[in-house]
Student: 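Can you keep this structure in mind? I'll have questions shortly.
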Amino acid sequence: MSLDSEDLYNNSGEPPLEPTSNETIKRVSGMFEDWFLDYASYVILERAVPAIEDGFKPVQRRIMQSMKDLDDGRYNKVANIVGHTMQYHPHGDASIGDAMVQIGQKDLLIDMQGNWGNILTGDSAAASRYIEARLSKFALDVVYNPKITEWQSSYDGRRKEPVNLPVMFPLLLAQGGEGIAVGLSTKILPHNFNELIDASIKHLKGKKFTIFPDFPTAGIADCSDYKDGLRGGKIRVRAKISQLDKTTLNISEIPFGTTTSSLIDSILKANDKGKIKIKKIEDNTAAEVEILVHLPSGISPDKTIDALYAFTNCENSISPLGCVIEDNKPLFIGVTEMLQRSTDHTVELLKFNLEIKLDEFEEQWHFASLERIFIENRIYRDIEEEETWEGVISAIDKGLKPHIAHLKRPINQDDIERLTEIRIKRISKFDIDKAQQKIESLEDQIAQVKYDLEHLTDYAIAYFTRLKNDYGKGRERLTELRLFEDVDATKVVMRNTKLYVNRAEGFIGTSLKRDEYVCDCSDIDDIIVFTKEGKMMVTKVDTKTFVGKDIIYVAVFKKKDKRTIYNMIYRDGSKGPSYVKRFAVTSTTRDREYDLTNGSKGSTLLYFSANPNGEAEVVTIFLRQVGSIKKLKWDLDFSEIIIKGRNSKGNQVTKHAIKKIELKEHGISTLKPRKIWFDDTVQRLNVDERGELIGEFRGEDRLLVITQAGVIKTILPELTARFDDDMIILEKWIPKKPISALYYDGEKERYYVKRFLIENENKEEVFISEHPSSQLEIVATDWRPVAEVVFNKPRGKEQRDNEVLNFEEFIAIKGIKALGNQFTTDKIKQVSLLESLPYDEPEEVPAEEIEVVDEEEVDNEKEKTVEKPKDNPPLEITNLNKKDDDDDDKNLDEKGQTKLF
């Protein structure tokens, strides 16, 4: 090996010792490159990544072959199977045992006995000497066929092992696979057994298909960004959480990749950090998951569910990566192509198997025909005089020639030798009719196999259909597919700390406990701050942050909040005119200072208020007595000021110096009612125009919710609200609008009609009887509903005519707990609502309102008219005028601020 001159010297600069004649010099860099590449190739091909042909990694394939070697229909000790596998697998027993447990826990190929662990709790399996296993019927059906298996020598050359098992099913997608190699990894998620078969059939029919993961831990999954299982895709998985009562949540299913132990640990960790607030957790998991989360009184269950998704392992993201081995090379493909290749491979194996069957049937037909000719024509007597073996063969060959014209291939010596092996007992009991029946049966089988080969696609479809019929029962989808709404962590996090402010020095933070308390907040909140100079800043909450001296307002910032309107009056420069403006702050750049004035030096705020519902107060302006000013006092109504962007200059109030500004009258909201939509896909409310419009809501309006179980309640239209799966009515609640219902009373075994109003808007009630057999037939929320009732036909009696039910005429409005009026004892087949009777609903008187202008919209947006809700005082009003000679400002504190709530 040649060396560069620089390699011939060591670090000291001296030449190295001359090598002896028996030594070889080799560069370490070359050794590293060769050995590392060999090691990487070995790990990729022999350990971590499954083959696309059968879906097995080498250790899994060797386990399955060992189980087939030992299979006699009875259970075998897992330790025995592991020991037998070591004849094929050149590694330790621990890795083999772990791999076998993983195969068994997928509940597809191995019939298990004993404690094999629990994928829900994370409990490990018992020692291999204590548990047993045997091949499942499904594995015996689809995995093995020695006639079409390619074999190779094992690592020590003593045994033969399969190169790939002839798996005739998309096993890799059914079981999933995960492995980390050198330089690459794979993560193929498990899919549903029946859906894979349906997709294979669609592929064979030339139809498009889509498959999504199905996890053994069940749960809920959002596969909208799955990207066919390729790199860059993502799946969001969630636990299934339901509300048992106002203080208890039940986690009944967990996300894939977690266990009940890790889930509980993450909940306790979030509680310790103050992200959520819980009382205690009970883990009652056995065969099914049951984790009870107890909440303190006063904590919202809906918000807690969202917080669990935001801050714990109740929601996780999984990034799939489809990598398989094909022709000893890694191949990156999606699950769709995996299924297509697997299905095509199954068709090839079915074809190969049919061709082998055809050869076998034809051989059986050939020898059965020869046997019949040999016995029926008594050719065996021709060999009685022959003394040599060659003579015997020749005599039989000569005797057969007149009768073999119909055979499908020539006779060879092996055929004649088989005829000589027929026993005398068989010749003596030979039945020509049975022999003919056997030949005809073989001819039917040959014809059927040839037909299947000619219609191979139909044969493959029938094969997959049989698999579904035989093994698909009980393998229905476990994971619910649903689009997830994004959980805003700032809206569901617990307020776990307190915010303080030093107004004069310009500091805010959670550690300023000697200064003024502002509000409770969380450690992920943003804080909005306004100063007397007309500067605004949004910064993340911290222990202590300088934002600017003379702070006049500080609060938790709500991003995209269009309802909080800020009213302000400022002086432009030290002696300039004064301006008034109204604006919302929907988005900002964190830690950037914004100037809300005209930018002139010496500008200062004279009046400021923050209004959570867009309230517009009336203030009185007082001017200083300077020169010949005639009008020194007048009222300014903020409702007459258009809401513009925060960068707008505003409207001029006066060019004269303002002495002071006083609040004359609290304002009412100038925002139009909020429109709320319900997105049935994610089962959540929204204001983004997704789904069905529920209505326009003011602060006191509520939602009416009715379920199929006869539960009725009204709730505030909060975007964090959650709804039961059996919800049948969701609409804006009108208190004076009656609810009409027809229900079956299980105790009295008859149907009742009732009309009622909700008596307690804060209480959830059941308006049908609580007997287990009671059920709600129909419920209507129109003013004057009408329904058509179809009855069942009694046995041996005439069909009762359909009846039209006018709820208003049938019963008057009664209490919600009233039983109602009896309608019928006959069984009802169907109830359908008809067109309701006319009714003039009371009209609401509209009032003028102002539309909020987004930051991105132009500042000269025209005023719009909408309704005004009831009076609601502004959150905070600050008067920033200095105290004059008179004591008109005696109600102000030394900072010149007063708060009105």
Side-chain angles (χ1 to χ4, degrees), residues 137-138 140-151 162 164-169 197 200-201 203-205 343-380 393 396-423 425-427 429-471:
K137 293 181 179 179
F138 175 76
L140 292 170
D141 193 352
V142 304
V143 175
Y144 304 100
N145 192 335
K147 297 176 183 178
I148 58 175
T149 302
E150 182 182 356
W151 302 88
N164 289 303
L165 287 168
V167 177
M168 294 186 286
F169 180 78
I197 292 178
S200 294
I201 293 174
H203 172 59
L204 292 171
K205 292 180 177 180
T343 304
D344 295 339
H345 182 62
T346 298
V347 173
E348 292 176 4
L349 293 176
L350 290 172
K351 180 181 178 181
F352 194 10
N353 192 41
L354 286 173
E355 291 173 345
I356 292 174
K357 280 186 177 182
L358 181 61
D359 291 340
E360 291 175 348
F361 287 150
E362 287 181 342
E363 281 299 311
Q364 292 176 27
W365 180 88
H366 181 77
F367 184 74
S369 299
L370 281 180
E371 184 183 54
R372 179 182 175 185
I373 295 170
F374 182 73
I375 298 175
E376 187 176 353
N377 295 285
R378 303 178 184 273
I379 297 175
Y380 54 85
I393 298 298
I396 295 175
D397 186 28
K398 184 179 179 180
L400 291 173
K401 282 184 179 180
H403 310 286
I404 62 174
H406 67 288
L407 297 182
K408 298 177 181 179
R409 69 169 178 83
I411 299 174
N412 55 37
Q413 187 168 344
D414 291 338
D415 296 331
I416 297 175
E417 289 178 356
R418 285 186 64 188
L419 290 175
T420 62
E421 296 172 359
I422 300 176
R423 297 185 178 183
K425 183 177 181 181
R426 177 168 177 77
I427 294 175
K429 292 186 176 182
F430 186 76
D431 189 327
I432 295 177
D433 293 334
K434 286 186 178 181
Q436 184 60 32
Q437 290 177 3
K438 180 180 179 181
I439 292 173
E440 291 174 355
S441 175
L442 288 170
E443 288 175 348
D444 292 340
Q445 290 176 305
I446 291 171
Q448 182 62 47
V449 172
K450 287 182 176 180
Y451 178 84
D452 292 338
L453 283 169
E454 292 174 358
H455 302 82
L456 192 58
T457 300
D458 294 337
Y459 178 75
I461 292 173
Y463 169 79
F464 279 112
T465 303
R466 180 185 66 81
L467 290 182
K468 184 176 181 179
N469 294 336
D470 290 350
Y471 308 107

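When a residue number appears, it is its place in the shown sequence, counting from 1.
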Student: Do the side chains of Arg466 and Asp141 get close enough for a salt bridge, i.e. N-O under 4.0 angstrom?
Tutor: yes
Student: Grab the two heavy atoms, one from Leu453 and one from Glu355, that are nearest each other, plus how far apart they are.
Tutor: CD2-CG, 4.1 Å
Student: Give me the atom names and distance for the closest heavy-atom approach of Val347 to Leu456.
Tutor: CG1-CD2, 3.6 Å
Student: Less than 4.5 Å apart, side chain to side chain, heavy atoms only: is that true for Ile393 and Glu417?
Tutor: yes
Student: Do Gln448 and Asp452 meet the criterion of a side-chain donor-acceptor pair at a distance under 3.5 Å?
Tutor: yes
Student: Would you find a donor on one side and an acceptor on the other, under 3.5 Å apart, between the side chain of Tyr459 and the backbone of Leu350?
Tutor: no
Student: Can you check whether Tyr144 reaches Leu165 side chain to side chain, under 4.5 Å on heavy atoms?
Tutor: yes
Student: If you count heavy atoms of other groups shown closer than 6.0 angstrom to CZ of Arg426, is the number above 12?
Tutor: no
Student: Indicate the atoms forming the closest heavy-atom contact of Ile416 with Asp397, along with that distance.
Tutor: CD1-CB, 3.7 Å
Student: Are Ile197 and Phe169 side-chain neighbours, meaning at least one heavy-atom pair lies under 4.5 Å?
Tutor: yes
Student: Which pair of heavy atoms, one from Lys398 and one from Pro402, lies closest together, and at what distance?
Tutor: O-CD, 3.6 Å
Student: Would you compute the distance between atom CD of Glu443 and atom OG of Ser369 and round it to the nearest 0.5 angstrom?
Tutor: 7.0 Å
Student: Nearest 0.5 Å, what's the CG-CG distance between Leu400 and Leu407?
Tutor: 8.5 Å
Student: Any chance you could measure Asn469, atom CG, to Phe464, atom CZ, to the nearest 0.5 Å?
Tutor: 13.5 Å
Student: Kindly say whether Ile379 contributes a backbone atom to a donor-acceptor pair with the side chain of Asn377 at under 3.5 angstrom?
Tutor: no
Student: Are the side chains of Pro162 and Trp151 in touch, meaning some heavy atoms are under 4.5 Å apart?
Tutor: yes
Student: Taking all non-hydrogen atoms of both residues, which atom of Ile446 and which atom of Phe361 are closest, and how far apart?
Tutor: CG1-CB, 3.5 Å
Student: What are the two closest heavy atoms between Ala368 and Leu442, and how far apart are they?
Tutor: CB-CD1, 4.4 Å
Student: Looking only at atom types and distance, does a side-chain atom of Asp415 sit under 3.5 Å from a main-chain N or O of Asn412, one as donor and one as acceptor?
Tutor: yes
Student: Quick check: do Tyr471 and Lys137 have side-chain heavy atoms less than 4.5 Å from each other?
Tutor: yes
Student: Can you tell me how far NZ of Lys438 sits from CD of Gln364, rounded to the nearest 0.5 angstrom?
Tutor: 6.5 Å
Student: Just so I know, are the side chains of Asn145 and Phe352 near enough to count as touching, which here means a heavy-atom distance under 4.5 Å?
Tutor: no
Student: What I want to find out is whether Glu362 reaches Arg409 closely enough, with some N-O distance under 4.0 Å, to be called a salt bridge.
Tutor: no
Student: With distance as the sole test, does Ser441 use its side chain to make a donor-acceptor pair with the main-chain N or O of Gln437 at under 3.5 Å?
Tutor: no
Student: At what distance, to the nearest 0.5 angstrom, does CD of Glu421 lie from CG of Leu419?
Tutor: 9.0 Å
Student: So how far is it from Ile396 CD1 to Tyr380 OH, rounded to the nearest 0.5 Å?
Tutor: 12.5 Å
Student: Can you confirm whether Lys408 is buried at NZ, in the sense that more than 12 heavy atoms of other residues, nucleotides or ligands lie under 6.0 Å from that atom?
Tutor: yes
Student: Between Met168 and Leu467, does the side-chain contact (heavy atoms from CB on, under 4.5 Å) criterion hold? Intermediate values first, please.
Tutor: CA-CA 10 Å; Met168 294 186 286; Leu467 290 182; over 6 Å; no
